[in-house]
Amino acid sequence: MKYINEFRDGKLARAIGEAIRREVDPARQYNLMEFCGGHTHAIARYGLPDLLPRNVRMIHGPGCPVCVLPIGRIDNAIAIASLPNVILCSFGDTMRVPASGQSSLQRAKARGADIRMVYSSLDAVSIAQQHPDREVVFFAIGFETTTPTTAVAVKQAEALGLRNFSVFCNHVLTPAALDAILSADQDNAPQVHGVVGPAHVSTVIGSQPYEAFTARYNKPLVIAGFEPLDVLQSVRMLVRQLNEGRAEVENEYTRTVTSAGNRRAQALVADMFELRPSFEWRGLGEVPWSALQFRPRYRGFDAEARFAVEKHAVADAKACECGTILRGLKEPKDCKIFGTVCTPENPVGACMVSSEGACAAYYTYGRFTIPIEQAPS
Amino acid sequence: MCLAIPVKVVELRPGEMALVDVGGVRKEISLALVENIEVGDYVVLHVGCALQRLDPQEAEETLRIMAEALLWQEGDA
């Protein structure tokens with residue numbers, strides 16, 4: 001497909017890898033955190049670590065909305081779906097995330113709850129139109145990329161006068177998560193020298209919001225697309241910045257990201273949503289001002305108000321390392337249950353569910369690779 | 001989850017909708033988040049909505065910058 005295939009060219013990928021090799025300072029370590037699950041997936045799928053010199057290490061960040069959704073919120077969604085007369089619409093990614101008591105949306109569906117997988121929030125609006133006698137709830141998750149699409153659906157439902165449509169809002173914010181990771185105390189913060197910044201989140205919010213971040217932490221950030229060449233090129237740009245002692249926001253993904261971002265989408269979101277004082281993230285715990293909720297004018301569409309959803313905190317499975325993996329402190333192979341008890345078919349933690357989760361990406365593409373230092377020469 | 005793919009607009013439809021070509025498959029999407037889209041434009045599609053118009057000149061420019069790595073390699077050989 002146009003604008004995809006060109007950015008997956010193997011010959012060019014090896015050339016960029018070679019260029020990075022020449023440019024790195026052998027005496028120095030480059031730990032780069034890729035924020036997004038989309039980057040993590042590309043890195044694992046295309047074997048990018050094999051193209052990078054040994055002193056460039058990719059650390060996986062928390063940018064996977066399915067992975068950071070805490071168990072309590074999944075339990076809430078199952079509780080709503082189990083009410084009589086409710087149809088819960090969910091993205092496919094969320095269906096298999098483990099909830100309390102060995103449950104999940106998929107298992108609740110098997111038990112009889114009317115849970116439907118949708119591709120778009122707009123599909124949920126169509127279902128509400130088709131079933132005026134049922135309560136249709138859209139289980140909204142995602143970062144700044146997805147929030148505007150939820151807002152479009154609510155606007156559409158409002159225009160159609162649908163009173164049976166509501167949204168269980170779990171939209172979260174990228175800058176708050178970046179901040180939570182990098183401001184953690186030394187024992188809980190990974191050694192990160194630079195950040196591969198979000199792709200489509202930045203398409204919406206622009207590159208400008210990261211300026212405060214590079215200034216505060218004195219670390220470079222390069223916004224990168226999700227194709228393998230985009231990731232490699234952004235690594236090259238980060239290496240250059242670090243070599244030159246710069247800590248700036250740079251944009252590799254200029255074909256869709258501008259400095260100001262998508263103002264129309266931003267205005268729509270700002271009109272409908274306000275900051276939540278606090279929201280629980282898997283791995284990061286309660287993070288202040290890190291998520292969105294409906295403004296009072298749109299409360300009629302808020303499933304939390306309509307179904308009196310109560311805050312419900314549940315601890316993660318003890319053996320599961322999702323939390324430390326999401327903070328960039330551990331890698332999937334450091335988890336005792338990785339690939340044995342916890343597999344994509346039978347996930348214990350959310351990082352094994354989403355294809356963008358670090359564990360699922362490792363399991364699918366990297367489980368049999370031999371670390372370079374152990375490989376026969 | 002934040003995955004979005006470039007698709008080509010083949011027809012503009014009422015209600016800020018458009019028909020797009022996704023690698024040979026036709027699909028109706030919403031243009032409610034973007035402005036001034038024309039037939040033939042590429043937009044970045046995420047869960048049923050166009051998020052932004054893809055800038056073809058910037059795409060070319062990015063590929064040109066990436067290809068510098070190739071020239072350097074060949075020049076050295």
Side-chain angles (χ1 to χ4, degrees), chain A residues 1-4 6-7 11-12 14-20 22 36-38 41 63-66 91 93 119-123 141-146 148-149 151-152 155-156 198-201 203-204 225-226 229-230 232-233 236 252-258 261-262 264-265 268 354 356, chain B residues 1-10 14-18 20-25 27-37 40-77:
Chain A
M1 285 181 3
K2 193 159 165 65
Y3 298 119
I4 292 184
E6 303 94 306
F7 294 93
K11 189 175 166 208
L12 199 44
R14 281 185 288 276
I16 300 171
E18 191 52 42
I20 295 169
R22 292 173 194 230
C36 295
H41 185 86
C64 161
V66 176
F91 288 132
D93 311 42
Y119 158 70
S120 165
S121 53
L122 301 175
D123 297 341
I141 66 159
F143 284 94
E144 290 90 334
T145 318
T146 318
T149 66
V152 170
K155 280 284 183 193
Q156 209 176 73
H200 299 117
V201 162
T203 302
V204 174
F226 283 152
L229 292 191
D230 290 318
L232 284 171
Q233 185 69 13
R236 188 175 183 195
E252 182 278 334
Y253 197 34
T254 52
R255 59 193 185 276
T256 81
V257 177
T258 60
N262 183 338
R264 198 177 185 193
L268 190 61
S354 169
E356 291 166 7
Chain B
M1 185 60 220
C2 285
L3 208 67
I5 50 167
V7 297
K8 191 179 181 177
V9 176
V10 293
E16 292 193 294
M17 301 297 280
V20 297
D21 183 296
V22 192
V25 177
K27 184 166 174 57
E28 195 177 56
I29 69 162
S30 167
L31 296 182
L33 297 173
V34 286
E35 286 168 307
N36 306 323
I37 299 296
D41 282 349
Y42 275 80
V43 292
V44 182
L45 170 66
H46 174 66
V47 296
C49 296
L51 281 187
Q52 187 69 278
R53 184 177 160 272
L54 188 142
D55 187 329
Q57 283 173 348
E58 288 291 346
E60 286 301 316
E61 179 63 10
T62 303
L63 283 168
R64 191 192 62 74
I65 295 169
M66 286 172 173
E68 281 173 8
L70 214 56
L71 292 172
W72 186 19
Q73 201 177 35
E74 280 162 5
D76 254 33

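We name chains A, B, ... by the order of the sequence lines, and we start the count at 1 in each one.
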What heavy-atom pair brings A:R255 and B:E58 nearest, and what distance separates the two atoms?
-> CA-CB, 3.7 Å

With side-chain contact (heavy atoms from CB on, under 4.5 Å) as the test, would you mind laying out the steps for A:V201 and B:C2 before giving the verdict?
-> CA-CA 7 Å; A:V201 162; B:C2 285; 4.1 Å; yes

Look only at the side chain of A:N262 and the backbone of B:L33, and say whether a donor-acceptor pair between them is shorter than 3.5 Å.
-> yes

Under 4.5 Å to a heavy atom of chain A? For B:Q57 that would be neither

Is chain A contacted by the side chain of B:V43, its backbone, both, or neither, given a heavy-atom distance below 4.5 Å?
-> neither

Shortest non-hydrogen separation from A:R236 to B:A69 and the atoms involved | NH1-CB, 3.7 Å

Do A:L122 and B:S30 have side-chain heavy atoms sitting under 4.5 Å apart?
-> yes

Is there a donor-acceptor pair closer than 3.5 Å between any side-chain N or O of A:Y3 and the backbone N or O of B:A59?
-> no

Would A:T149 and B:H46 count as having a side-chain donor-acceptor pair, cut-off 3.5 Å?
-> no

Side chain proximity check, B:D55 to A:T254, heavy atoms < 4.5 angstrom | no

State, with a plain yes or no, whether a side-chain heavy atom of A:R264 is found less than 4.5 Å away from one of B:Q52.
-> no

For the student: nearest non-hydrogen atoms of A:S120 and B:G48, plus distance | OG-CA, 4.0 Å

Give the intermediate values and the outcome of side-chain contact (heavy atoms from CB on, under 4.5 Å) for residues A:H200 and B:L3.
-> CA-CA 7 Å; A:H200 299 117; B:L3 208 67; 5.9 Å; no

Side chain proximity check, B:L51 to A:T145, heavy atoms < 4.5 angstrom | yes

Can you tell me how far the CG atom of B:L54 sits from the NZ atom of A:K2, to the nearest 0.5 Å?
-> 9.5 Å

Determine the minimum heavy-atom distance between B:V22 and A:M1, stating which atoms define it.
-> C-SD, 4.1 Å

Side-chain heavy-atom pair B:M66, A:D230 within 4.5 angstrom cut-off | yes

Can you tell which of A:F143, A:F91, A:Y253 has the highest number of heavy-atom pairs within less than 4.5 Å of chain B?
-> A:F91

